[in-house]
Amino acid sequence: MRNGMVSLVGAGPGDPELITVRGLARLRSANVLVYDRLVHPALVAEAPDEAERIYVGKAAGKTTLDQQTIEALLIERARRGLWVVRLKGGDPFVFGRGGEELAALIGAGVPVEVVPGVTSAIAAPAAAGIPVTHRHFASAVTFVTAHEDPAKITSSVDWDWLARASGTLVILMGLRQVWAICTRLIAAGREADTPAAVIASGTLPEQRVVRSSLGGLAAAVADARLRSPALIVIGDVVRFADLFDQSASQPFSSILASQIACN
Ligand code: SAH
């Protein structure tokens, strides 16, 4: 029997065209596809028809497979000699528990490779015209995870330090805590007029961007009734979204169409 293996693959930020060439190749050769909630259905469809597809994301009102069960599943299928593609939203190692799965597979002696993905932490701001770093406005960027519980914000995060840190802050999993986060940062010394934005469904056709100041962001987000997945960007680079908006008064698709017509 041939040896099985696991490819830990990043699916990219949302738009199915933003998976890597290697990621798509792995997906097209999979015997088993194990995927999460944020993976686009068009990518799930890329696996061969005969591949086993196993959804391990959260469904509303239902419990998720716990992490150990997912790891045991990957190990068991690989030991059967199958090629398992573990497809995760964005990059597998950015707030995706990819590191835990990698360690479990190595521990079980299962051959494993990592195919990095385009993380939403960079791509969602980019799709809204926000460069997370800029030579003149931000020489550093910090990625932070908020908390699943809207009443709390993650206590392992040093919010006082973040409030004083220079550069851009990108906060994932923070939509429901946007008020608590902004209030905490302002209390710890960040200027309330710091530019801030929330990007929901970044890179997808339903992408929405809400821009405000740190002090006004929570109210603006509540008015807009944004839905997850969404992330928060805080820092001077958010101003670039205005520039991008002005240039976007002519849709890119029509610019592209006229270019093609000229060639
Ligand atoms: N590994 C993923 C992140 C998983 S955590 C990555 O690298 O992108 C899930 C969080 O990612 C969501 O709560 C949200 O904050 C963010 N996210 C994922 N996709 C997104 C998208 N298309 N637009 C905005 N935020 C997104």
Side-chain angles (χ1 to χ4, degrees), residues 7-20 22-23 34-44 55-60 64-65 67 70 85-102 114-132 141-150 152-154 156-157 162 168-182 196-211 217-218 220-221 224-234 237-238 241 244:
S7 301
L8 267 178
V9 179
D15 183 332
E17 288 193 355
L18 294 176
I19 191 171
T20 65
R22 185 179 298 172
V34 180
Y35 64 101
D36 286 336
R37 187 172 57 92
L38 290 176
V39 170
H40 197 283
L43 290 178
V44 177
Y55 175 72
V56 295
K58 273 182 209 156
T64 333
L65 283 189
Q67 190 61 29
I70 296 172
V85 169
R86 173 68 174 113
L87 191 59
K88 289 171 162 290
D91 181 89
F93 287 172
V94 178
F95 304 129
R97 307 190 77 165
E100 289 164 59
E101 290 174 23
L102 179 71
V114 181
V115 182
V118 176
T119 180
S120 67
I122 295 172
I130 301 170
V132 290
V141 53
T142 309
F143 301 114
V144 186
T145 174
H147 199 283
E148 297 288 342
D149 180 347
K152 297 185 204 152
I153 51 177
T154 312
S156 57
V157 170
L162 285 179
T168 310
L169 282 183
V170 180
I171 303 169
L172 284 81
M173 293 179 269
L175 183 63
R176 293 196 300 163
Q177 301 93 306
V178 64
W179 183 84
I181 290 167
C182 296
V198 171
I199 300 145
S201 300
T203 75
L204 290 162
E206 59 272 26
Q207 170 174 306
R208 290 184 64 198
V209 182
V210 168
R211 291 202 303 284
L217 190 65
V221 165
R225 298 175 183 277
L226 294 185
R227 290 208 304 213
S228 74
L231 52 74
I232 306 167
V233 191
I234 298 165
V237 289
V238 170
F244 192 63

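Indexing begins at 1, ligand by ligand and atom by atom, following the structure's order.
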| task | Output yes when a side-chain donor or acceptor of T20 lies under 3.5 Å from a complementary backbone atom of G23, and no otherwise. | result | yes

| message | Below a 4.0 angstrom heavy-atom separation, can you tell me which part of L38, side chain or backbone, both or neither, approaches ligand 1? | response | side chain

| request: For residues D36 and R86, determine if any side-chain heavy atom of one lies less than 4.5 Å from a side-chain heavy atom of the other. | output: yes

| From the candidates V94, I232, D15, D36, the one that places a heavy atom nearest atom 3 (C) of ligand 1 | V94

| message | With a cutoff of 4.0 Å, is G14 in contact with ligand 1, counting heavy atoms of the residue only? | response | no

| message | Test of understanding: with side chain to side chain contact (heavy atoms under 4.5 Å, CB included), list the residues that count as partners of S201, not counting sequence neighbours. | response | L204, E206, P229

| field | Heteroatom distance test (P13, ligand 1): nitrogen or oxygen, under 3.5 angstrom | value | yes

| field | Top protein contact for atom 4 (C) of ligand 1, by heavy-atom distance | value | F95 O, 3.5 Å

| message | For a 4.5 angstrom cut-off between non-hydrogen side-chain atoms, does V233 reach T168? | response | yes

| task | Taking atom CD of Q67 as the centre, report whether more than 12 heavy atoms of other residues, nucleotides or ligands fall under 6.0 Å from it. | result | yes

| Does the side chain of L231 come within less than 4.5 Å of V198's, by heavy atoms? | no

| request: Looking only at protein heavy atoms, identify the closest one to atom 11 (O) of ligand 1 and say how far it is in Å. | output: L172 CD2, 3.3 Å

| query | Any N or O of I199 that comes nearer than 3.5 Å to an N or O of ligand 1? | reply | no

| field | Pairwise side-chain contact, F93 with L8, heavy-atom cut-off 4.5 Å (strictly under) | value | yes

| Judging by distance only, is a nitrogen or oxygen of I171 under 3.5 angstrom from one on ligand 1? | no

| note | Closest heavy-atom pair, L226 versus L175, reported as atoms and distance to 0.1 Å, is O-CD2, 3.7 Å

| said: Using heavy atoms and a 4.0 Å limit, tell me yes or no: is L204 in contact with ligand 1? | reply: no

| request: Considering only non-hydrogen protein atoms, determine which one is nearest to atom 2 (C) of ligand 1 and report residue, atom name and distance to 0.1 Å. | output: G89 O, 3.2 Å

| So, do F143 and I122 sit near enough that their side-chain heavy atoms are less than 4.5 Å apart? | yes

| remark: At under 4.0 Å between heavy atoms, what of A230 touches ligand 1? The answer is backbone

| query | Looking only at N/O atoms, are G202 and ligand 1 under 3.5 Å apart anywhere? | reply | yes

| task | Report the nearest protein non-hydrogen atom to atom 16 (C) of ligand 1: residue, atom name, distance rounded to 0.1 Å. | result | S120 OG, 3.5 Å

| message | Just to confirm my output: which protein heavy-atom neighbour is closest to atom 13 (O) of ligand 1, and how far is it? | response | M173 CG, 3.2 Å

| query | Under 4.0 Å from ligand 1, counting heavy atoms only, is it the side chain of S201, its backbone, both or neither? | reply | backbone

| said: For a 4.5 angstrom cut-off between non-hydrogen side-chain atoms, does I130 reach I199? | reply: yes

| task | Identify, for atom 7 (O) of ligand 1, the protein heavy atom at the shortest distance, and state residue, atom and that distance. | result | T119 OG1, 2.7 Å

